[in-house]
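To keep things clear, I will list the structure first and then write my remarks on it.
Atom set for the values below is all heavy atoms of this structure, side chains included, hydrogens, waters and symmetry mates excluded.
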Amino acid sequence: MIACVSGNASVLTAGVPSVPPRVDTSYKHLVVCAIPKSPAKNISIRRGLGVKIRAASAAESESIIMEKSGIKVVNNPPESKLSELGVRSWPKWGCPPSKFPWTYSSKETCYLLKGKVKVYPEGSDEAVEFGAGDLVEFPKGMSCTWDVSEAVDKHYNFE
């Protein structure tokens, strides 16, 4: 697995097998790599907009979980997680390539079946990117702009 973050960041790699413990705040561009598939421990990356990336647990051995600007993205969640959430029974929604504003009146979780999206949270110039195969959670009250570069089909659920 490889996770990449651009921008100023500090990383703590303690507790990850094969990566020596350290804190380094000198990164301008940070690439965290050589993360073992299992048993993985948490990796936290801190920056002004609150980026967090962690390698998944052994049960989610192929997943990478990222949180940025309040949006949580799970890349390649295991089928067991999708089944546990009942994702396949959620309603579907789709749209062609487009750009539009959106506000979440409640927490929403969605699973992208196809497509590619950049979401720009209100007040931020930085995008949160996700696409087919990602499980994404938006917090209640978030206003953002969706920039859909490839047509989207998704399952979604409100809480």
Exercise for review: Would you please indicate if the ring centroids of Trp146 and Phe130 are separated by under 6.0 Å?
Suggested key: yes

Check your understanding: Are any non-hydrogen side-chain atoms of Val74 and Asp134 less than 4.5 angstrom apart?
Key -> no

Review point. How about Val128 and Val73: do any of their side-chain heavy atoms sit closer than 4.5 Å?
Key: yes

Review point. Considering all heavy atoms of both residues, which atom of Glu126 and which atom of Lys68 are nearest to each other, and what is their separation?
Key: OE1-NZ, 3.2 Å

Check your understanding: Would you call the rings of Trp93 and Phe100 parallel, tilted or perpendicular if under 30° counts as parallel and over 60° as perpendicular?
Key -> perpendicular

Review point. Can you find a heavy atom in the side chain of Thr145 that is under 4.5 Å from one in the side chain of Asp147?
Key: no

Check your understanding: Of all heavy-atom pairs between Cys95 and Val148, which one has the smallest distance, and what is that distance?
Key -> SG-CG2, 3.8 Å

**Study point:** Heavy-atom closest pair, residues Ser143 and Thr103
**Key:** OG-OG1, 2.9 Å

Practice item. Evaluate side-chain contact (heavy atoms from CB on, under 4.5 Å) for Thr109 paired with Glu159, printing each intermediate quantity in order. Key: CA-CA 8 Å; Thr109 303; Glu159 292 182 23; 4.1 Å; yes

Practice item. Spell out, as yes or no, whether a donor-acceptor pair under 3.5 Å connects the side chain of Ser83 to the backbone of Glu79. Key: yes

Practice item. Would you indicate whether the side-chain heavy atoms of Leu85 and Leu135 approach each other to under 4.5 Å? Key: yes

Review point. With under 30° as parallel and over 60° as perpendicular, where do the rings of Phe138 and Tyr104 fit, or are they tilted in between?
Key: parallel

Study note, to complete from the structure: Note: Pro121 and Val119 closest approach over all heavy atoms is CD-O, 3.3 Å

Review point. With a 4.5 Å heavy-atom cut-off, do Glu108 and Cys110 have their side chains touching?
Key: yes

Check your understanding: Are Trp102 and Tyr120 grouped together when hydrophobic residues (ILVMFWY) are joined by side-chain heavy atoms under 4.5 angstrom apart?
Key -> no

**Study point:** Any Cys144 side-chain heavy atom under 4.5 Å of Glu122 side chain
**Key:** no

Exercise for review: Can you see which heavy atom on Met142 is nearest to which on Ser69, and at what distance?
Suggested key: CE-O, 3.0 Å

Point to revise | Pair Glu137 + Lys107, salt bridge at N-O below 4.0 Å | key: yes

Exercise for review: Answer yes or no: is there a side-chain heavy-atom contact under 4.5 Å between Arg88 and Tyr111?
Suggested key: yes

Point to revise | Considering all heavy atoms, the nearest Leu82-Pro77 contact | key: CD2-CG, 3.8 Å

Check your understanding: Under 3.5 Å, side chain of His155 to main-chain N/O of Lys92, donor-acceptor pair present?
Key -> no

Point to revise | Note, Lys72 side chain near Val136 side chain (heavy atom, < 4.5 Å) | key: no

Check your understanding: Just by distance, do the side chain of Ser98 and the backbone of Pro96 share a donor-acceptor pair under 3.5 Å?
Key -> yes

